[in-house]
Amino acid sequence: SSFTLALHGGAGTILRATMTEAREAEYRAGLARALHAGYAVLAAGGLALDAVTASVCVLEDEPLFNAGRGAVFNTAGTQEMEASLMDGRDWRAGAVTMLFGPKNPILVARAVMERTEHVCLSGDAAARLAEEAGLPFGDTDYFFTQARWDALAETLRLNAEGVDDGDESRKHG
Amino acid sequence: TVGAVARDAAGNLAAATSTGGRTAKLAGRIGDTPILGAGTFADNASCAVSCTGHGESFMRRVTAHELSARMRHRGEDLRTAADQVVMGDLAEIGGAGGLVAVGADGSFALPFNCEGMYRGHIGPDGMAWTGIYR
């Protein structure tokens, strides 16, 4: 009857050469906050689905991680977020893509699962569902992080020069 | 990309993944995160999986579902199946990244085939473990 939770948090440069102790501590603290959010649900006898939702919301709210508030930028200088979740009990699932506006895309994916007959919604349809569900929205300032904007400029420069520096983490945020 | 997988006290499994995608991706590009069976999958009879990395590779190898299928059809344990899909299938097509997975038995796996992966785990003792490199 024991429970367990694991998570990952794509956060940006991970190359040892550029990692600092301060940054590493920030990342680890963000991961730990997300772990404890899920733990609180499971320790109270809650559902795995609620635990993973709680953990991912914490990571989406932390601009260090490439999701929600810390989302990377595309070639057009805009942000398109994606999310999905799945319940192992009955294979129910929800997913969103091409989304901008709701602070927690994972909650929109959950709304797709719980409020529609569909599995995946994209773009404006997903944003409208989020409004109907009363989910909080952020504006472009809320989602802007200088580090992600700089990573976009760097990547576009390298692409223009046909250079691949192999820094997968900059690409993945 | 961020994600979480969990097994609750009743033995139910779930997975959740969220992302901003890839820096300088083409506007309109869809990655593995919203594609069930590629970036996210959960099935009480086998495992819950959440992936991160080069999304196109996870979509082509249908990584999350493949992990579950290896367990259900080949009888592999979670870690064996997870290592194969990350260190074998993905690496075979140059796909960088990793995943977190939890099994119906409460076991978990955190494999990755690149320099590092921000990852963490917590169990009934409430001790939060986090890792970055190997």
Side-chain angles (χ1 to χ4, degrees), chain A residues 1-11 14-15 27-28 31-32 35-36 38-39 42 45 47-49 51-53 55-56 59-60 65-68 71-72 74-76 79-89 93 95-97 105-106 120 151-152 155-156 159 168 170-173, chain B residues 1-9 12-31 33-36 39-44 48 50 52-54 96-102 106 108 110 114-124 126 128 130 132-133:
Chain A
S1 64
S2 75
F3 56 79
T4 193
L5 181 138
L7 56 74
H8 61 84
I14 202 166
L15 303 178
Y27 290 137
R28 289 182 186 275
L31 293 171
L35 286 168
H36 284 116
Y39 172 81
L42 296 171
L47 285 175
L49 188 68
V52 296
T53 304
S55 287
V56 169
L59 294 168
E60 288 175 333
F65 298 106
N66 172 24
V72 298
N74 62 26
T75 47
Q79 293 159 301
E80 296 164 323
M81 294 164 220
E82 302 180 317
S84 66
L85 76 178
M86 190 164 182
D87 189 335
R89 292 175 296 177
V96 289
T97 186
I106 198 66
C120 188
L152 172 65
T155 305
L156 292 175
N159 290 353
E168 284 294 318
R170 172 177 41 74
K171 298 174 192 169
H172 295 312
Chain B
T1 303
V2 304
V5 291
R7 176 196 191 275
D8 59 34
N12 298 309
L13 303 180
T17 314
S18 181
T19 189
R22 280 166 65 87
T23 302
K25 68 181 181 181
L26 274 181
R29 175 266 191 183
I30 292 175
T33 293
I35 311 291
L36 298 167
T40 304
F41 187 74
D43 162 36
N44 271 11
S50 175
T52 177
H54 184 244
L99 61 84
V100 296
V102 63
F108 63 92
L110 316 171
C114 43
E115 176 151 358
M117 180 169 83
Y118 294 95
R119 60 201 189 281
H121 169 260
I122 197 164
T130 60
I132 297 179
Y133 303 103

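Every chain is numbered from 1 and lettered A, B, ... according to where its sequence line falls, protein lines coming before strand lines. Note that this is a predicted model, so its numbers are computed, not measured. Any value given below was found using the heavy atoms of this structure, including those in side chains, with hydrogens, waters and symmetry copies removed.
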Using non-hydrogen atoms and a 4.5 Å limit, figure out which bit of B:F41 sits close to chain A: side chain, backbone, both or neither.
both
Is chain B contacted by the side chain of A:T4, its backbone, both, or neither, given a heavy-atom distance below 4.5 Å?
both
Please state whether the side chain, the backbone, both or neither of A:L42 comes within less than 4.5 Å of a heavy atom of chain B.
side chain
Name the option with the most non-hydrogen atom pairs under 4.5 Å to chain B; the candidates are A:P105, A:A93, A:S84.
A:S84
Main-chain N/O of B:N12 paired with A:R89 side-chain donor or acceptor, under 3.5 Å
no
Does the plane of the ring in A:F65 sit parallel, tilted or perpendicular to the ring in B:Y118? Use 30° and 60° as the thresholds.
perpendicular
Tell me, please, which residues at least two apart from A:A67 pass side-chain contact (heavy atoms from CB on, under 4.5 Å).
A:E60, B:V2, B:S18
I'd like to know if the side chain of B:R119 reaches the main chain of B:Y133, judged simply by a donor and an acceptor atom lying under 3.5 Å from each other, with no hydrogens or angles considered.
yes
Counting heavy-atom pairs under 4.5 Å with chain A, which one of B:A27, B:G106, B:A128, B:P34 comes out on top?
B:P34
As an exercise: rank B:P124, B:S50, B:G123, B:A48 by heavy-atom pairs under 4.5 Å with chain A and give me the winner.
B:P124
Quick one: which of A:V96, A:T53, A:L59 has the most heavy-atom pairs under 4.5 Å with chain B, could you say?
A:L59
Determine the option with the most heavy-atom pairs under 4.5 angstrom with chain A, choosing from B:A101, B:G126, B:G39, B:G98.
B:G126
Determine whether A:R28 and B:I132 satisfy the following criterion, side-chain contact (heavy atoms from CB on, under 4.5 Å), listing intermediate values before the conclusion.
CA-CA 8 Å; A:R28 289 182 186 275; B:I132 297 179; 4.1 Å; yes
Among the options A:N159, A:L156, A:T97, pick out the one with the most heavy-atom pairs lying under 4.5 Å from chain B.
A:T97
Counting heavy-atom pairs under 4.5 Å with chain A, which one of B:V102, B:L110, B:L36 comes out on top?
B:L36
Keeping the roles fixed (side chain from A:E82, backbone from B:G31), state whether a donor-acceptor pair exists under 3.5 Å.
yes
Can you sort out the partners of A:A71 under side-chain contact (heavy atoms from CB on, under 4.5 Å), two or more places apart, ordered by chain and number?
A:N66, A:Q79, A:M81
